[in-house]
Amino acid sequence: MWTLYTKDPDHWVPVETVSSFKRMREYSARGTDWVVAALRTSAFLEVDDEGKRVRRRTEVQEPKGDFERSVYAKGFPDEEPTLQKRLEDFFGKYGKTNAVRMRRTEDKKFKNSVFAEFADFATVDLFLKADPKPAFEGKELLIMSKEAYCEMKIKEKGLTGKSAVHRRGLMSSVRGFNAFREMARAAKSSNAQNKNGASAPAEKKDVYLEFMGTKLLIQQNEEGVGSVKPEDVPFVKGATLKFEGCGGDVPWSEIKVRRLSDVVGVLVSYG
C-alpha cells in the first residue's frame, strides 16, 4: 500500500486497485460504481471527479505512544476467512482501534493471540479493567498490556542487563516495514543530493546484528547473502544451548518445536 501511496506525487490510488484488496472483495463484487459511491461518503477519503482514483484528505501522521496504547490478548479460535473482521468488531466494542494485528509464527500460522492498538489510553484502561473480563465468543481471554507482555517474556527467558534492554527495544519498536522510517530516509537522501548538487555514490557500510547484547558483523558473499561467523556468536551461561548434528540449514520453528524438545528429553533422562 505504501508503494501505491508514494507512486503518485499527489498520493492518488486507483479505485480499481483498492477494490482488488482481499478485504474489499465482498464489496467489489457489487461493482466499481458501488465502491466509488461508498468511498465518497467517507470523511477521511476523497475521490476524484472521474471516480477513478481515491486518496486521504489529510497527510499520514506518525502515531505516538502506540506501544503504550496496545494490549495483548490470547485465546482466540484458529484462523478462518472471517476472523480478522470478528476480531476488529470485538475490540471495537470497547472503543476505537487503530490496528488489530494477528500474531503469527515464522511459517505464518496464527498464534491464536493478537496485539490490539487502541486510539487512546482511556480505552486501554477500560479494556484491561473490564468486569466481567473480556471473552471472545464465550471464551474468556488472557489479557494484559503489551508492556506487561514484554516484561513477562523477558522474565521467562531469564534476560537481564543489556539483553533485557535490547528485548524491550525490539518489542516496543515497529518491526518490518515502517513507512515513516522510509519517509525520513527519503528526506535525508533528498537533502544530501540538494546539498551536493548531485547524487553521490552510496557508501557501503558494515551491517550488524545485535544478539544478546553483542553486535555481530554480517558477512556478505558475492551473491549478497549474509551470515555471521559462528565463533562471533556469544554463548551466555544459562541462556544458550549449543548442539551439533542438525543437518545444516534448519528453520527455527523446526528446531524449537521438535529438536530442542528431544534434546531436553535426553538431558533429563541422562542428567
Side-chain angles (χ1 to χ4, degrees), residues 1-2 5 21-27 38 41-45 56-160 163-181:
M1 187 63 191
W2 182 250
Y5 178 81
F21 293 164
K22 183 178 180 180
R23 296 185 62 188
M24 285 290 294
R25 288 173 186 169
E26 62 177 295
Y27 306 110
T41 65
S42 173
F44 304 100
L45 303 172
R56 292 174 54 96
R57 292 184 183 275
T58 58
E59 286 293 325
V60 178
Q61 298 294 321
E62 183 173 6
K64 302 293 183 181
D66 50 313
F67 178 71
E68 292 79 6
R69 286 184 284 99
S70 296
V71 299
Y72 166 84
K74 182 178 181 179
F76 299 102
D78 291 339
E79 185 175 10
E80 48 81 32
T82 67
L83 183 58
Q84 178 69 41
K85 180 65 165 58
R86 286 153 53 206
L87 290 172
E88 292 174 357
D89 291 342
F90 168 73
F91 286 100
K93 293 187 300 182
Y94 296 90
K96 182 181 178 181
T97 59
N98 291 338
V100 178
R101 302 180 179 91
M102 299 171 68
R103 303 180 65 245
R104 301 181 182 278
T105 62
E106 291 185 353
D107 56 1
K108 306 303 182 182
K109 183 180 179 181
F110 178 43
K111 289 185 174 183
N112 303 99
S113 63
V114 306
F115 285 134
E117 179 193 328
F118 287 109
D120 55 68
F121 296 103
T123 308
V124 174
D125 195 54
L126 177 68
F127 177 79
L128 295 176
K129 295 181 179 179
D131 186 16
K133 290 184 63 177
F136 184 78
E137 298 178 351
K139 182 178 179 180
E140 188 173 302
L141 302 171
L142 170 65
I143 64 170
M144 65 187 75
S145 67
K146 188 174 182 179
E147 184 176 11
Y149 172 78
C150 174
E151 294 302 319
M152 180 183 73
K153 302 306 290 185
I154 288 174
K155 185 176 180 180
E156 285 181 0
K157 296 178 182 295
L159 302 178
T160 58
S163 297
V165 172
H166 176 61
R167 181 71 177 185
R168 289 190 188 96
L170 284 177
M171 297 192 70
S172 62
S173 61
V174 178
R175 297 189 181 185
F177 177 76
N178 184 333
F180 300 102
R181 183 171 59 227

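The minimum heavy-atom distance linking Tyr94 with Ala130 is given by the pair CE2-CB, 4.1 Å. Here the shortest heavy-atom pairing between Pro77 and Phe110 reads O-CE2, 3.3 Å. Heavy-atom minimum distance, Arg104 versus Lys111: O-CE, 3.4 Å. Phe91 and Val71 make their closest contact through CE2-CG2, 4.3 Å (heavy atoms, listed as atom of the first residue, atom of the second, distance). Of all non-hydrogen atoms in Ile143 and Pro134, the two that sit nearest each other are CD1-CD, 3.6 Å. In terms of heavy atoms, Met102 sits closest to Val114 at CA-CG1, 4.1 Å.
Taken to the nearest 0.5 Å, the CZ atom of Arg69 stands 13.5 Å off from the CD atom of Glu147. Taking NZ from Lys74 and OH from Tyr149, the interatomic distance works out to 8.0 Å, rounded to the nearest 0.5 Å. With rounding to the nearest 0.5 Å, the separation of CG in Leu142 from CZ in Phe76 is 10.0 Å. Rounded to the nearest 0.5 Å, atoms CZ (Phe44) and CZ (Arg57) are 10.0 Å apart.
A salt bridge links Glu151 with Arg168; the closest basic N to acidic carboxylate O contact falls under 4.0 Å. Looking at Glu117 and Arg101, a side-chain N of the basic residue comes within less than 4.0 Å of a carboxylate O on the acidic one, giving a salt bridge. A salt bridge does not link Glu88 to Lys85: none of the charged side-chain nitrogens sits closer than 4.0 Å to a carboxylate oxygen.
Counting only distance, with no hydrogens or angles, the side chain of Gln84 and the backbone of Val100 share a donor-acceptor pair below 3.5 Å.
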Please test Phe136 against Arg86 for side chain to side chain contact (heavy atoms under 4.5 Å, CB included), starting from the C-alpha separation and ending with a verdict. CA-CA 9 Å; Phe136 184 78; Arg86 286 153 53 206; 4.0 Å; yes
Between Leu141 and Phe90, does the side chain to side chain contact (heavy atoms under 4.5 Å, CB included) criterion hold? Intermediate values first, please. CA-CA 12 Å; Leu141 302 171; Phe90 168 73; 3.6 Å; yes
Could you walk me through whether Asp66 and Asn98 pass the side chain to side chain contact (heavy atoms under 4.5 Å, CB included) check? CA-CA 9 Å; Asp66 50 313; Asn98 291 338; over 6 Å; no
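The number of heavy atoms from other shown groups lying within 6.0 Å of NZ (Lys133) is above 12.
Counting heavy atoms from C-beta on, the side chains of Lys153 and Glu156 come closer than 4.5 Å.
Under the 30°/60° scheme for interplanar angles, the aromatic rings of Phe127 and Phe118 are found to be tilted.
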